[in-house]
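Structure record follows, encoded as structure tokens.
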Amino acid sequence: MKIVVLTGAGISAESGISTFRDNNGLWEQHRIEDVATPEAFQRNPKLVHTFYNARREQLDNQAIAPNAAHLALVELEKVLGDDFLLITQNVDDLHQRAGSKNLLAMHGSLRESLCSYCKHKGLVKSPLSTDTVCPACTKKGGMRPNIVWFNEMPYYLEEIYAALASCDIFISIGTSGNVYPAAGFVAIANEAKAHTIELNLEPSNQNSNFAEHHQGPATKLVPQWVEAFMRDRMQLKH
């Protein structure tokens, strides 16, 4: 039984992480075009650094911690081992802190930097700025957050498509179904004849493409689903 799980901003929102954008298309009061594109970084790197430094600082707030949904997915992974894959669109580190191991962060990580010149990736130990020097190529001015911005290619797509094409169950949690390629994952899972499930606060744009859907907070729905799956699995063994 192979299970692939996709998570989005909805699972982190219940831990106090601001969701990707509000109804006005703003991301923490900034236009997406001003903080989440390569062009924005070229145009105003100082603003982009200020924005992501603040978001990184938020992760250090002791009140921000993995919630019941993150922890339930860890329990599911412990049972399934390599038959479980977690794909997240989130750039926070809550899944990692919860203990998820088989994890692909397709949009990068707030905790990492990326050199625009030599593509070196590393952990961010202090706030980034236009004065930050790359430890690999020693150039200044090219260090940016290792975040996949709009108009950039997400990470791990080859592995993700292969997993979707061979999974038995695909679960989408807390994602709007607006942003591709992730919004198209359910179609690939359907082609593979997988059972598709959406667990979301409200129906996503892809809701009708799922065989099963449940509305409610992730902290309630995910532990419930995992518990039911474990129970059914135990009954099958007996």
Side-chain angles (χ1 to χ4, degrees), residues 1-12 20 38 66 69-112 114 119-121 145-200 204-214 218 221-222 225-226 229-230 232-233 236:
M1 177 68 69
K2 293 186 177 181
I3 296 182
V4 174
V5 176
L6 171 69
T7 63
I11 195 169
S12 295
F20 188 78
H70 295 101
L71 298 172
L73 292 175
V74 174
E75 293 306 308
L76 185 59
E77 180 181 345
K78 285 177 183 175
V79 169
L80 293 173
D82 288 339
D83 287 334
F84 174 89
L85 178 64
L86 174 58
I87 305 159
T88 188
Q89 296 172 276
N90 300 331
V91 296
D92 58 60
D93 59 356
L94 295 179
H95 282 303
Q96 292 91 331
R97 282 160 58 185
S100 290
K101 299 286 190 289
N102 294 342
L103 170 66
L104 299 178
M106 63 181 292
H107 289 163
S109 169
L110 270 174
R111 295 288 192 190
E112 295 176 359
L114 171 67
K119 306 307 177 189
H120 171 79
K121 294 175 186 175
N146 184 25
I147 302 290
V148 175
W149 287 325
F150 285 91
N151 304 323
E152 293 183 323
M153 189 64 70
Y155 295 133
Y156 310 114
L157 286 182
E158 197 173 319
E159 295 100 310
I160 289 169
Y161 289 143
L164 289 167
S166 63
C167 71
D168 300 297
I169 298 175
F170 171 64
I171 310 171
S172 177
I173 302 167
T175 179
S176 64
N178 285 329
V179 180
Y180 283 87
F185 289 174
V186 63
I188 299 168
N190 281 329
E191 283 177 20
K193 302 292 190 285
H195 181 60
T196 53
I197 305 165
E198 177 175 273
L199 307 177
N200 218 8
S204 76
N205 281 5
Q206 302 299 324
N207 181 262
S208 62
N209 293 321
F210 287 87
E212 185 182 335
H213 18 81
H214 304 276
L221 295 183
V222 179
W225 189 89
V226 170
F229 174 81
M230 304 273 209
D232 292 346
R233 184 183 168 90
L236 284 172

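Because the structure is a prediction, the values reported are computed rather than measured.
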For the backbone of [Y] and the side chain of [X], can you confirm whether one donor and one acceptor N or O come within less than 3.5 Å of each other?
X      : Y      : answer
Asn178 : Asn205 : no
His107 : Val91  : no
Asn90  : Gly8   : yes
Glu198 : Ser204 : yes
Thr88  : Ala105 : no
Asn200 : Thr175 : yes

Can you give me the closest heavy-atom contact between [X] and [Y], atom names plus distance?
X      : Y      : answer
Ile11  : His70  : O-CE1, 3.5 Å
Ala69  : Val222 : O-CG1, 3.7 Å
Lys2   : Ser166 : CD-O, 3.7 Å
Glu77  : Ser100 : OE1-CA, 3.5 Å
Tyr161 : Pro181 : OH-CB, 3.5 Å
Ala163 : Leu85  : CB-CD2, 3.5 Å

To the closest 0.5 Å, what do you measure between [atom1] ([X]) and [atom2] ([Y])?
X      : Y      : atom1 : atom2 : value
Leu114 : Lys119 : CG    : NZ    : 6.0 Å
Asn190 : Leu164 : CG    : CG    : 10.5 Å
Arg111 : Asp92  : CZ    : CG    : 9.5 Å
Glu158 : Tyr156 : CD    : OH    : 13.0 Å
Ile171 : Ile87  : CD1   : CD1   : 11.5 Å
Gln89  : Ser172 : CD    : OG    : 7.5 Å

Checklist entry - Does a donor on one side chain sit under 3.5 Å from an acceptor on the other, for Asn209 and Gln206? => result yes
With a 4.5 Å limit on heavy-atom distance, are the side chains of [X] and [Y] in contact?
X      : Y      : result
Phe229 : Leu80  : yes
Val148 : Met106 : no
Met230 : Glu75  : yes

Item to check | Residue pairs involving residues 176-188 (criterion salt bridge (charged side-chain N to carboxylate O under 4.0 Å, His left out); sequence neighbours excluded) | outcome: none
Checklist entry - Looking at Asn102, Leu103, Leu73, which one forms a side-chain contact (heavy atoms from CB on, under 4.5 Å) with Val5? => result Leu73
Checklist entry - Between Phe170 and Phe185, what is the ring plane arrangement, given parallel below 30°, perpendicular above 60°, and tilted in between? => result perpendicular
